[in-house]
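All of these numbers come straight from a predicted model, not from anything done at the bench. Whatever order the structure lists ligands and atoms in, that order sets their numbers, starting from 1. Just the heavy atoms: all of them, side chains too, but no hydrogens, waters or symmetry mates, feed the values below.
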Amino acid sequence: MSDLPTDATVAAARAAELAEQLHAHNHRYYVLDDPSVPDAEYDRLLRELQALEAAFPDLVNDASPTQRVGAAPTAGFESVEHRLPMLSLDNAFSDDEVVRFVRRIRERLDLADGAPELWFSAEPKLDGAAVSLMYHDGRLVQAATRGDGTTGEDITHNVRTIRSVPLKLSGSGWPSILEVRGEIFMPKAGFDAMNREAAANGEKTFVNPRNAAAGSLRQKDPALTAKRPLDMFCYAVGFIEGDPIADTHTGAIAKLKQWGLKTCDLVERVQGAAGCASYFASIGGERASLPFDIDGVVFKVDEFAAQDELGFVSRAPRWAIAQKFPAQEELTIVEGVDWQVGRTGALTPVARLQPVFVGGVTVSNATLHNIDELTRKDVRVGDTVIVRRAGDVIPEVAAVVADKRPNGAEPVALPKRCPVCDSPVQRVGEEAVARCTGGPVICSAQRIEGLKHFASRKAMDIEGLGSKLIEQLADSSVKSPADLYRLTWQQLAAFDRMAEKSAKNVIDAIDKSRQTTLPRFLFALGIREVGETTAESLATHFGTLEALRAANEETLLAVNDVGPIVAERVEQYFSEPAHNALIDDLVKAGIRWPDPTPVADEQFADSFFAGKTVVLTGSLSAMTRQEAGALVKQLGGTVTGSVSSKTTLLVAGEKAGSKLAKAQKLEIDIFDEAAFIQHLPASLRP
Ligand code: IVH
């Protein structure tokens, strides 16, 4: 926040400017459901105006954004007068501010220093839209938005579509008129799925689950709202006709739950500022893994009698406070859009940002995923953008603030040539991915990424061969993975910050990696569409590298988990002379793996097991499962790890579990150990 002016005229001018900005933001947020700035920015402006008004009380007037909660309802929905105003909450941004809040309350309640700590209801601050539900004789008669706190909009038809909102209360004992308040929100999983679908259809996506929830509630057609994955937690009681339903807030929430209303399981009763602080820390730790977005926690004095005594100040109760988490969204400026070239040549646009602190870290880059995403979001150099970093998710540009775009900003175009090696860039048909056509020999970016993949833990697992070293190597003598095996420690020691000892360690690690397994080796080659699991299936199915190299699309399709796309990629890979030269070179460099399990033996060509796809499960007594598997292969069968429709036989030993159940369900032939042994040729029986 900028320093407060001391001169009244300067203060008045600044207050007017802030009020105007806040009004505009309010309108976009509450009326259009399309905010152009993150909450953190809004909060800063509001706090600055509050501070100014505190220092210059003459500046306060009824129309000031500090004197009301939201904005007027838009035309299209009927207005609803709230029988009790729907208020807002004061914010705290540190444990200290909560300590002061608790102290203020104790003073107002005239509690002696030695009096026991106060009890609070501690709850997540849900990030959705506040609503009021009106029940008459246990039936939902009206649902309304908060609006400006006094007047909201009638959204009954839309709210009735939300499954977690009961149309009729259950149990008994509810007051004849009961108003319940709570938050309607969209769980993260539903939000992600909805946005994925919208993006796939080329439609506008929502910036965050809160906007999605608010937007869904203001659909003119309830059938559309019904399709949105909305949910609701009730967190307060509003107007009641008749006797109070409880003496405490947590007691009232428990009653609501009894009557079939949905409440949040994370609500707890805590004692004093210390109890509040530990609740805040524990919810903060869970935040990223919760199924819904929260932006802080709310502490409410639990005793209704104490709440009544404390009362309200203009827009918020004195008995409650919201402690906010660090913002997950911030504004910053795009300084450039760079194109990163991956291992397969894929070009990824990355926004270079003016560094900004968001979600607990400083962010200076954010991925834009691919050209389609870039086009859809229309991010341009110079744009002000909303950067979002939720939990451990990689930072992303959530949206552009359109009205802050500088004049003359041009759309970012896909480069025609690779920014690293200048080879032509190709985009096949409507594919989302554009690629550099240079290949690893010409394009150093592809070479570097390929080497990183080759050396990585799940591939050849070369310890100590990190990114920095690989980058230096790729610029000198290492043009292919096979060159790694020809390095000497003296060559490595010549690089920056490489002592003799570490150079020797790297050489040892490279040497150690020569002894590997076929699946690791296949994965390390970086064949497109061949991840760890597919590499494993290919190795098990073909047994040897030679057999795999000789495979064609048809034989590849017989492999478990291999579909037409993978089959095509694998065949393509092995039909490329450069790839075969690389493999030969690697083998010549001494890379080896254990002998394959025996391959089908000609003399058993008509065995029972020839051509069968067998799964072994449970424990066998006459031999191990590995030995049984080797026999099946020797007899021309295939052994796979999991039961699927391709499985033709299950051999079930003792204590067989889920695989047996699945095979029974799929009506696959099942042998016990005795039957298995009986079907072996006599010469191979144990
Ligand atoms: S109580 C008089 N409890 O925060 C107090 N509000 O800034 C009324 N909110 O409009 C609110 N979770 O949209 C309360 N557990 C919670 C809440 C919560 C989210 C929202 C609600 C309210 C806003 C106040």
Side-chain angles (χ1 to χ4, degrees), residues 26 29-30 33 35 39-40 42-43 46-47 50 65-66 68-71 82-93 101 105 120-133 143-153 155 159 179-187 208-211 213-214 217 230-239 248-250 252-254 256-257 261-270 276 279-280 283 287 290 292-302 304 306-308 310-325:
N26 256 342
Y29 189 111
Y30 288 105
D33 290 328
D39 288 0
Y42 181 89
D43 286 344
L46 187 63
R47 286 199 141 203
Q50 281 168 338
T66 62
R68 62 171 189 181
V69 190
H82 296 301
R83 299 185 74 157
L84 293 173
M86 285 183 81
L87 293 148
S88 181
L89 291 167
D90 269 338
N91 290 328
F93 292 92
F101 158 77
I105 288 177
F120 293 90
S121 173
E123 4 193 301
K125 186 166 190 299
L126 308 156
D127 209 2
V131 292
S132 147
L133 305 178
T145 63
R146 186 174 69 171
D148 66 2
T150 313
T151 312
E153 292 174 319
I155 51 165
V159 171
E179 185 198 359
V180 180
R181 290 172 179 180
E183 196 88 349
I184 289 181
F185 60 94
M186 189 178 287
N208 55 40
R210 187 203 41 225
N211 294 346
L217 286 177
L230 296 172
D231 203 346
M232 175 170 183
F233 284 140
C234 299
Y235 55 61
V237 173
F239 179 83
T248 60
H249 173 77
T250 48
I253 296 298
L256 297 184
K257 193 171 175 177
L261 290 151
K262 188 162 175 176
T263 57
C264 179
D265 287 340
L266 299 168
V267 177
E268 269 177 44
R269 234 163 73 91
V270 301
C276 293
Y279 182 82
F280 182 77
I283 293 287
R287 182 187 189 188
L290 292 178
F292 43 81
D293 265 2
I294 60 175
D295 60 349
V297 302
V298 184
F299 301 115
K300 302 170 182 168
V301 170
D302 201 28
F304 281 144
Q307 285 189 5
D308 291 344
L310 289 162
F312 299 82
V313 266
S314 66
R315 67 181 199 120
R318 283 204 188 84
W319 42 263
I321 200 158
Q323 187 177 5
K324 302 292 266 301
F325 292 128

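Only the side chain of Lys300 comes within 4.0 Å of ligand 1, counting heavy atoms alone; its backbone N, CA, C and O stay farther away. No part of Ala316 comes within 4.0 Å of ligand 1, judged by heavy-atom distances. Both the backbone and the side chain of Lys125 come within contact range of ligand 1, each with a heavy atom under 4.0 Å.
For the residue pair Ala252 and Phe304, the shortest heavy atom distance occurs at CB-CZ, 3.9 Å.
Among all protein heavy atoms, the one lying closest to atom 22 (C) of ligand 1 is Tyr235 OH, 3.7 Å. Here the heavy atom of the protein found nearest to atom 2 (C) of ligand 1 is Pro317 CG, 3.6 Å. Remark: minimum distance from atom 10 (O) of ligand 1 to any protein heavy atom is reached at Arg146 NH1, 2.9 Å. The closest protein non-hydrogen atom to atom 15 (N) of ligand 1 is Glu123 OE1, 2.8 Å. Among all non-hydrogen protein atoms, the one lying nearest atom 9 (N) of ligand 1 is Glu183 OE1, 3.7 Å. Of the protein's heavy atoms, Leu87 O, 4.0 Å lies nearest to atom 8 (C) of ligand 1.
For the 3.5 Å distance criterion, the side chains of Glu183 and Tyr235 qualify, holding a donor opposite an acceptor. Counted by atom type alone, Asp302 and Ser121 present zero donor-acceptor pairs between their side chains at under 3.5 Å.
In this structure, the separation between CZ on Phe233 and NZ on Lys257 is 10.0 Å, given to the nearest 0.5 Å.
Using a 4.0 Å cut-off between charged side-chain N and carboxylate O, Glu179 and Arg83 make no salt bridge.
Under a 4.0 Å criterion applied to the non-hydrogen atoms of Ser88, ligand 1 contributes the atoms 7 (O).
Not one N or O of Val298 is nearer than 3.5 Å to an N or O of ligand 1, by distance alone. For ligand 1, one of its N or O atoms has an N or O atom of Pro124 under 3.5 Å away.
The closest side-chain heavy-atom distance from Asp148 to Met86 is not below 4.5 Å. Residues Asn91 and Ile321 fail the side-chain proximity criterion, which asks for heavy atoms closer than 4.5 Å.
When the heavy-atom distances from atom 19 (C) of ligand 1 to Ile294, Leu89, Leu126, Val297 are ranked, the shortest goes to Leu126.
Looking only at distances, no side-chain donor or acceptor of Arg146 sits under 3.5 Å from a matching main-chain atom of Gly152.
In this structure, Phe299 and Phe120 have perpendicular ring planes: the angle between them is above 60°, well past the 30° mark.
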